[in-house]
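Have a look at the structure below before the remarks.
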Amino acid sequence: MNIKNLKEGLHDGFLIGLGYFAVAFSLGLVARKAGLSPIQGFLASFLNHASAGENGLYTSIATLATYAEVAIITLIANARYLLMSCSLSQRFDPQAPFFHRLLVGFGITDEFFGVSIARPGYLSTTHFYSCALLAIFMWSAGDFMGIWLGNLLPLSVVSALSVSLYGMFIAIIIPPSKKDKVVALAVAASFALSYLCTLTPCIKELSGGTRTIILTILIATVAAIVKPVKEEDLK
(Lines give C-alpha, C1' and ligand atoms only; values in the text may rest on other atoms or scores of the structure.)
Protein backbone atom coordinates (compact mmCIF):
# COMPACT_ATOMS: atom_id res chain seq x y z
CA MET A 1 0.00 0.00 0.00
CA ASN A 2 2.86 2.42 0.83
CA ILE A 3 4.52 1.73 -2.54
CA LYS A 4 1.21 2.43 -4.29
CA ASN A 5 0.74 5.66 -2.32
CA LEU A 6 4.36 6.64 -3.05
CA LYS A 7 3.92 6.19 -6.79
CA GLU A 8 0.61 8.07 -6.80
CA GLY A 9 2.15 10.85 -4.70
CA LEU A 10 5.10 11.26 -7.08
CA HIS A 11 2.70 11.25 -10.03
CA ASP A 12 0.49 13.94 -8.51
CA GLY A 13 3.51 15.91 -7.29
CA PHE A 14 5.07 16.00 -10.75
CA LEU A 15 1.87 17.24 -12.38
CA ILE A 16 1.41 19.91 -9.71
CA GLY A 17 5.11 20.78 -9.94
CA LEU A 18 4.85 21.55 -13.66
CA GLY A 19 2.37 24.32 -12.92
CA TYR A 20 4.33 25.40 -9.87
CA PHE A 21 7.54 25.77 -11.89
CA ALA A 22 5.90 28.16 -14.35
CA VAL A 23 4.30 30.30 -11.63
CA ALA A 24 7.47 30.33 -9.54
CA PHE A 25 9.52 31.35 -12.58
CA SER A 26 7.44 34.52 -12.91
CA LEU A 27 7.79 35.13 -9.16
CA GLY A 28 11.54 34.78 -9.63
CA LEU A 29 11.43 37.81 -11.91
CA VAL A 30 9.83 39.80 -9.08
CA ALA A 31 12.42 38.47 -6.62
CA ARG A 32 15.22 39.44 -8.97
CA LYS A 33 13.98 43.03 -9.08
CA ALA A 34 13.82 42.99 -5.26
CA GLY A 35 17.53 42.13 -5.17
CA LEU A 36 17.38 38.47 -4.09
CA SER A 37 20.00 35.98 -5.22
CA PRO A 38 18.98 32.64 -6.77
CA ILE A 39 19.85 30.80 -3.53
CA GLN A 40 17.81 33.26 -1.45
CA GLY A 41 14.87 32.84 -3.82
CA PHE A 42 15.13 29.05 -3.61
CA LEU A 43 15.05 29.13 0.20
CA ALA A 44 12.20 31.67 0.27
CA SER A 45 10.11 29.43 -2.00
CA PHE A 46 10.95 26.30 -0.04
CA LEU A 47 9.64 27.95 3.13
CA ASN A 48 6.71 29.85 1.58
CA HIS A 49 4.55 27.76 -0.74
CA ALA A 50 1.90 30.31 -1.71
CA SER A 51 2.19 32.52 -4.77
CA ALA A 52 0.22 35.40 -3.22
CA GLY A 53 2.22 35.21 0.00
CA GLU A 54 5.52 35.02 -1.85
CA ASN A 55 4.64 37.91 -4.13
CA GLY A 56 3.75 39.95 -1.05
CA LEU A 57 7.06 38.95 0.51
CA TYR A 58 9.13 40.07 -2.49
CA THR A 59 7.14 43.26 -2.91
CA SER A 60 7.66 44.09 0.76
CA ILE A 61 11.40 43.49 0.45
CA ALA A 62 11.55 45.72 -2.63
CA THR A 63 9.88 48.56 -0.71
CA LEU A 64 12.19 48.07 2.30
CA ALA A 65 9.34 47.06 4.61
CA THR A 66 10.12 46.18 8.24
CA TYR A 67 10.25 42.60 9.49
CA ALA A 68 6.93 43.11 11.28
CA GLU A 69 5.26 44.37 8.10
CA VAL A 70 6.59 41.42 6.10
CA ALA A 71 5.32 38.98 8.73
CA ILE A 72 1.84 40.56 8.83
CA ILE A 73 1.49 40.68 5.04
CA THR A 74 2.58 37.05 4.70
CA LEU A 75 0.17 35.98 7.47
CA ILE A 76 -2.79 37.74 5.86
CA ALA A 77 -2.01 36.39 2.38
CA ASN A 78 -1.75 32.82 3.71
CA ALA A 79 -4.59 32.96 6.25
CA ARG A 80 -6.83 30.63 4.23
CA TYR A 81 -4.49 27.75 5.01
CA LEU A 82 -5.66 27.89 8.61
CA LEU A 83 -9.04 26.67 7.43
CA MET A 84 -7.51 24.03 5.17
CA SER A 85 -5.44 22.74 8.07
CA CYS A 86 -8.53 22.39 10.26
CA SER A 87 -10.37 20.53 7.51
CA LEU A 88 -7.47 18.23 6.63
CA SER A 89 -6.82 17.42 10.30
CA GLN A 90 -10.17 15.61 10.36
CA ARG A 91 -8.91 13.23 7.68
CA PHE A 92 -6.10 11.90 9.89
CA ASP A 93 -6.25 8.52 11.55
CA PRO A 94 -7.05 9.27 15.24
CA GLN A 95 -3.88 7.33 16.16
CA ALA A 96 -1.62 9.42 13.90
CA PRO A 97 1.31 10.98 15.83
CA PHE A 98 1.55 14.73 16.27
CA PHE A 99 4.67 15.19 14.14
CA HIS A 100 2.78 14.01 11.04
CA ARG A 101 0.10 16.63 11.65
CA LEU A 102 2.79 19.28 12.11
CA LEU A 103 4.66 18.40 8.90
CA VAL A 104 1.50 18.12 6.81
CA GLY A 105 0.38 21.51 8.15
CA PHE A 106 3.66 23.04 7.00
CA GLY A 107 3.21 21.68 3.49
CA ILE A 108 -0.42 22.58 2.84
CA THR A 109 -1.19 24.48 -0.35
CA ASP A 110 -4.38 24.80 -2.38
CA GLU A 111 -3.24 22.00 -4.69
CA PHE A 112 -1.98 19.61 -2.00
CA PHE A 113 -5.18 20.14 -0.06
CA GLY A 114 -7.26 19.44 -3.16
CA VAL A 115 -5.59 16.15 -4.09
CA SER A 116 -5.48 14.99 -0.44
CA ILE A 117 -9.08 15.81 0.48
CA ALA A 118 -10.34 14.12 -2.71
CA ARG A 119 -8.72 10.77 -1.85
CA PRO A 120 -10.93 8.22 -0.05
CA GLY A 121 -10.23 7.09 3.50
CA TYR A 122 -7.80 8.54 6.01
CA LEU A 123 -5.01 10.82 4.84
CA SER A 124 -1.98 8.91 3.52
CA THR A 125 1.15 10.64 4.80
CA THR A 126 3.23 8.65 2.29
CA HIS A 127 1.21 10.11 -0.58
CA PHE A 128 1.25 13.61 0.89
CA TYR A 129 4.99 13.70 1.61
CA SER A 130 6.02 12.33 -1.79
CA CYS A 131 3.65 14.67 -3.58
CA ALA A 132 4.65 17.73 -1.56
CA LEU A 133 8.41 17.21 -1.60
CA LEU A 134 8.60 16.81 -5.37
CA ALA A 135 6.24 19.71 -6.12
CA ILE A 136 7.87 22.03 -3.57
CA PHE A 137 11.30 21.27 -5.04
CA MET A 138 10.01 22.17 -8.52
CA TRP A 139 8.39 25.29 -7.05
CA SER A 140 11.69 26.35 -5.48
CA ALA A 141 13.62 25.47 -8.63
CA GLY A 142 11.29 27.65 -10.69
CA ASP A 143 12.01 30.61 -8.42
CA PHE A 144 15.74 29.90 -8.66
CA MET A 145 15.62 29.77 -12.46
CA GLY A 146 13.48 32.91 -12.68
CA ILE A 147 16.05 34.90 -10.74
CA TRP A 148 19.00 33.32 -12.51
CA LEU A 149 17.74 33.64 -16.08
CA GLY A 150 16.04 36.98 -15.57
CA ASN A 151 13.83 38.04 -18.46
CA LEU A 152 14.96 35.32 -20.87
CA LEU A 153 11.43 33.95 -21.31
CA PRO A 154 8.57 36.30 -22.27
CA LEU A 155 5.97 36.79 -19.53
CA SER A 156 3.28 35.68 -21.98
CA VAL A 157 4.91 32.24 -22.21
CA VAL A 158 5.20 31.95 -18.42
CA SER A 159 1.56 32.98 -17.98
CA ALA A 160 0.46 30.41 -20.55
CA LEU A 161 2.32 27.64 -18.72
CA SER A 162 0.63 28.52 -15.43
CA VAL A 163 -2.79 27.69 -16.90
CA SER A 164 -2.03 24.03 -16.13
CA LEU A 165 -2.84 24.73 -12.46
CA TYR A 166 -6.42 25.66 -13.36
CA GLY A 167 -6.74 22.46 -15.36
CA MET A 168 -5.59 20.49 -12.34
CA PHE A 169 -8.22 22.13 -10.12
CA ILE A 170 -10.93 21.18 -12.61
CA ALA A 171 -9.67 17.58 -12.57
CA ILE A 172 -9.90 17.59 -8.76
CA ILE A 173 -13.45 18.92 -8.37
CA ILE A 174 -15.23 17.16 -11.25
CA PRO A 175 -15.07 13.49 -10.03
CA PRO A 176 -16.44 14.12 -6.50
CA SER A 177 -19.05 16.48 -7.95
CA LYS A 178 -20.34 13.67 -10.16
CA LYS A 179 -20.66 11.34 -7.17
CA ASP A 180 -22.28 13.74 -4.71
CA LYS A 181 -24.95 16.33 -5.53
CA VAL A 182 -24.18 18.30 -2.35
CA VAL A 183 -20.54 18.66 -3.43
CA ALA A 184 -21.64 19.68 -6.91
CA LEU A 185 -23.94 22.35 -5.47
CA ALA A 186 -21.16 23.57 -3.15
CA VAL A 187 -18.76 23.87 -6.11
CA ALA A 188 -21.35 25.73 -8.20
CA ALA A 189 -22.16 28.03 -5.28
CA SER A 190 -18.47 28.78 -4.73
CA PHE A 191 -18.05 29.85 -8.37
CA ALA A 192 -21.17 32.02 -8.34
CA LEU A 193 -20.52 33.64 -4.96
CA SER A 194 -16.84 34.25 -5.76
CA TYR A 195 -17.88 36.16 -8.85
CA LEU A 196 -20.54 38.13 -6.96
CA CYS A 197 -17.95 39.09 -4.33
CA THR A 198 -15.87 40.79 -7.02
CA LEU A 199 -18.87 42.99 -7.85
CA THR A 200 -20.29 43.69 -4.39
CA PRO A 201 -19.30 47.05 -2.85
CA CYS A 202 -17.02 46.83 0.21
CA ILE A 203 -16.57 43.06 -0.18
CA LYS A 204 -14.70 43.48 -3.47
CA GLU A 205 -12.19 45.68 -1.64
CA LEU A 206 -11.16 42.75 0.56
CA SER A 207 -8.15 40.66 -0.39
CA GLY A 208 -8.68 37.45 -2.32
CA GLY A 209 -7.55 35.41 0.67
CA THR A 210 -10.06 37.11 2.99
CA ARG A 211 -12.92 36.55 0.57
CA THR A 212 -11.90 32.91 0.28
CA ILE A 213 -12.01 32.48 4.05
CA ILE A 214 -15.47 34.06 4.34
CA LEU A 215 -16.93 31.98 1.50
CA THR A 216 -15.30 28.78 2.74
CA ILE A 217 -16.82 29.17 6.20
CA LEU A 218 -20.29 29.99 4.83
CA ILE A 219 -20.44 27.28 2.16
CA ALA A 220 -18.82 24.60 4.33
CA THR A 221 -21.22 25.37 7.20
CA VAL A 222 -24.28 25.01 4.98
CA ALA A 223 -22.92 21.82 3.38
CA ALA A 224 -22.10 20.34 6.80
CA ILE A 225 -25.66 21.02 8.01
CA VAL A 226 -27.26 19.61 4.86
CA LYS A 227 -25.06 16.52 4.64
CA PRO A 228 -22.61 15.96 7.51
CA VAL A 229 -19.76 13.51 6.88
CA LYS A 230 -19.91 10.54 9.23
CA GLU A 231 -16.71 9.29 10.82
CA GLU A 232 -17.14 5.80 9.38
CA ASP A 233 -17.15 7.32 5.87
CA LEU A 234 -13.54 8.42 6.38
CA LYS A 235 -12.25 4.92 7.07
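At a threshold of 4.5 Å between non-hydrogen side-chain atoms, the residues Ser194 and Leu215 count as touching. The closest side-chain heavy-atom distance from Asp110 to Met84 is below 4.5 Å. Side-chain contact between His127 and Lys4: absent, with no pair of heavy atoms (C-beta onward) separated by less than 4.5 Å. Within the 4.5 Å cutoff, the side chain of Pro94 has heavy atoms near those of the Tyr122 side chain. Counting heavy atoms from C-beta on, the side chains of Phe113 and Leu83 never come closer than 4.5 Å. Put simply, the side chain of Ser116 does not reach to within 4.5 Å of the side chain of Arg91, judged on heavy atoms. Using a 4.5 Å heavy-atom threshold, the side chains of Thr109 and Trp139 count as separate.
Ring-centre distance between Tyr129 and His100: below the 6.0 Å cut-off.
For Phe106, the ring-ring contact (aromatic ring centres under 6.0 Å, His included) partners are His49, not counting sequence neighbours.
The environment of CZ in Phe46 is sparse: at most 12 heavy-atom neighbours from other residues, nucleotides or ligands sit within 6.0 Å.
Ser45 and Glu54 make their closest contact through OG-OE2, 2.6 Å (heavy atoms, listed as atom of the first residue, atom of the second, distance).
Looking only at distances, a side-chain donor or acceptor of Ser89 sits under 3.5 Å from a matching main-chain atom of Cys86.
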